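Encoded as structure tokens, the structure appears first; notes follow it.
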There are 2 protein chains.
Amino acid sequence: MSLPTRYLVSAPGKVILFGEHAVVYGKTAIAGSLDGLRTYMLFEKRNDGFLELNLPKLDLRYPLIWPISALPFSKVAPASKATDNTFSQELTFNEELLKTLKPIVLEGNSGNQNSQEINELQQVAASVFLYLYTSLEDKQTSWCGTTVHVTSNLPVGAGLGSSASYSVCLATGLLLVLGHITIPNYDERISDSNISDSSSPMNLINRWAFQAEKIIHGVPSGIDNTVSTYGGAVSFTKGVMENVSGFQSLRFLLTNTKVPRNTRILVANVRILHDKYPHIVVPILEAIEGISASFKEIINSGDSEKELNQKIEELIDLNHYLINSLGVGHPSIDKVREITAQYSLHSKLTGAGGGGCVLTLLRDDVTNDDIMRIMHALTSVGFECFETKVGGPGISVIDASSTINKQEFLSSSNMQQISGWKHF
Amino acid sequence: MSLPTRYLVSAPGKVILFGEHAVVYGKTAIAGSLDGLRTYMLFEKRNDGFLELNLPKLDLRYPLIWPISALPFSKVAPASKATDNTFSQELTFNEELLKTLKPIVLEGNSGNQNSQEINELQQVAASVFLYLYTSLEDKQTSWCGTTVHVTSNLPVGAGLGSSASYSVCLATGLLLVLGHITIPNYDERISDSNISDSSSPMNLINRWAFQAEKIIHGVPSGIDNTVSTYGGAVSFTKGVMENVSGFQSLRFLLTNTKVPRNTRILVANVRILHDKYPHIVVPILEAIEGISASFKEIINSGDSEKELNQKIEELIDLNHYLINSLGVGHPSIDKVREITAQYSLHSKLTGAGGGGCVLTLLRDDVTNDDIMRIMHALTSVGFECFETKVGGPGISVIDASSTINKQEFLSSSNMQQISGWKHF
């Protein structure tokens, strides 16, 4: 069987359900995948020996193009080359490769008749592409070049894991293109694909996505790429990640207040409060961890849908006030709570706070009319709203050789409804 | 020297500064006296063998009057009579005396030409008076009867300790009238009058006031009467009370939201949450105790006034959100916070929550104009405001024989500014 000539790949964004800030102090946080808010990539076969990256969502008007021959394959040690030992391979970050790629990244622009400035974010995105391609290149591929089209309905820089879903899609696509993994046969996500199974394709994707995240974030926690890869919900304690067993999915309204915030400063402010009032802040962080623990308990308690939702709403309120006690609330978040409370709905910030995004649990008894009214109220004060589910599939792929072409890809408004998505 | 023929007595109300709700679980709470929000009583000598109680503030239009001879002195065991062993005496509650007094209380109305209904609260207030008089009666007194006029600028039933200040005033006045203690010589409150000194007149007053509180509340904690007696600030942990050393006074705006609340139900709701989510609520209660501990630390830290106020504001905010996380907040409290925040001031509920009263720290740099504006904003949405100090003197007395008469007492708007108050 010949290899596909087009792959369509998608990976979800993430939200932190519980445990914001406490996670910095070694407490458990729980994150979930954002079903419907995803990055999509179309990988197209070329025969001219070139790599092409199209990033219109990052305001890159023209594609970046490199000859494969320009890549510094010599910087990748043969032992770390992807061969038979692909799945068991320990990945170490190749600092020298990244450094060597820096000038090459900018050359991707020189092939264009129309020159353009490449900003920091665009350079980083291109570096990730070239870093993964150089590391994963394998003589066995039948593709003599690749074009990648990227699109996404995830807001960038809103704490929703857009970079992780970018990394996961790229890792998945290049592992497919370069012959390390093949398209899976599963129509449904394998229930509770175990994060700790180190021999799975998902584990391989996740480890390469984590390398990509290092290029973007320096010292990422790894939770964003893990959630984006595996989907569902993942608990994270001191670097150890586990599937949240029993978690299916929860319907949420996700509101982006668009209030810019600086995560580093918010985290530093909590540290100052922690050091000033340890008798107070240490137990607050324990209480926040208690919310994560209670969430895992109630998910598996066998409660009815109604009881489950009621308890999650209680945890949402507890979390909201505890996070506020740490001084990282924001009037915009209170505003979302105020509006959604008018419809008896409960909201909490997600992420570092100080603005950013807010989650509102949409119970089954909420009517579509009410959801429209709430969304109208929220957008009319300048917020952006997404009706979404937390949970659901992580990385998804389709052999798009005979189905989706570039035009269809770029014009599609809801690629998740394409039939035929396969899951590892 | 002959005994005075009139005593003027006053005792403050109280607010809980920190530790609401957590105190129910054995954590430390801190309460302070409300300087300026006090109960005042004028005790006047009679020669006709009658006792008279005037309670206009409890809507009693006509005085209650009893012949002393109607009191059941036989129900008071000679051993528990107040004699030489007054100060060391262990007080046990005299259930039988209270029962015997029940019908006698109602007879207090029969001497009036104009009959009136006596409601539950008025009956309890009269019971306290007769219970204390019967228990403390001593043949050594030269007063052949007493008239008591009661007034107060404390809202009743707002969680501000109005009943405790009533009990403390009555205990003090009757201990004076019946010759157990004498008017002290101190113009200023003795700094840090030690609660644990069991031989002081204040200790005696406090123990009798506690008996009175039992008549009113059934199972009082004892903190209200202790704060009203000693003034200043008192910490309370599992029934053990201590002076908060180093505490002088803090200026607050006290706002009564007038939202009625049921302390019993609020306390029960926290218990339900505690039992449902122990992993979360137990550390929240520890964090609230941490606020009390931090308050005691910073009071003695030698910080400048500015630093001290800033830290107290941080504790106020922490306390506010932690109490809200327990589900006992209220929109009226948020409203006070919203209004005062417009002037960079910080507010917290005081007491059980669900409405009730709110404290706003008035830093020294707040102008009187701003205070007037804030009070205007708060009263215009239906709240009641008091500019007050927390801390300051507890029980205060004056020999009013030749100074304040009944008319002056009833017409005076600010008895605290009378000169000559003495303190134990």
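In what follows, every chain begins at residue 1, and chains take the letters A, B, ... in the order their sequences are listed. This one's a predicted model, so the numbers in the text were calculated from it and none came from an experiment.
- Of the two parts of A/E297, only the side chain, counted from C-beta on, holds a non-hydrogen atom closer than 4.5 Å to a non-hydrogen atom of chain B.
- Only the side chain of A/L273 comes within contact range of chain B, with at least one heavy atom under 4.5 Å from a heavy atom of that chain.
- A/H279 and B/E286 share no donor-acceptor pair across their side chains, judged by distance under 3.5 Å alone.
- Contact annotation for B/K276: only side-chain heavy atoms (C-beta onward) come within less than 4.5 Å of a heavy atom of chain A.
- Taking 4.5 Å as the limit, every side-chain heavy atom of B/N324 sits out of range of all side-chain heavy atoms of A/N324.
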### Task
Evaluate the criterion side chain to side chain contact (heavy atoms under 4.5 Å, CB included) for residue pair B/I280 and A/S294; output intermediate values, then yes/no.
CA-CA 8 Å; B/I280 306 168; A/S294 300; 3.4 Å; yes
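- Between A/K311 and B/Y277, some side-chain heavy-atom pair lies under the 4.5 Å cut-off.
- Taking both residues in full, the closest heavy atoms of A/L318 and B/S325 are given as CD2-O, 3.1 Å, listed atom of the first, atom of the second, then distance.
- Residue-environment remark: NZ (A/K335) stays at or below the threshold of 12 foreign heavy atoms within 6.0 Å.
- Enclosure of atom CD in B/E242 is not indicated, since only 12 or fewer non-hydrogen atoms of other residues, nucleotides or ligands lie within 6.0 angstrom.
- The neighbour count for B/K389 NZ, taken as heavy atoms of other residues, nucleotides or ligands under 6.0 Å away, does not exceed 12.
- The candidate with the highest count of non-hydrogen atom pairs below 4.5 Å against chain A, out of B/D334, B/I298, B/L326, B/L322, is B/L322.
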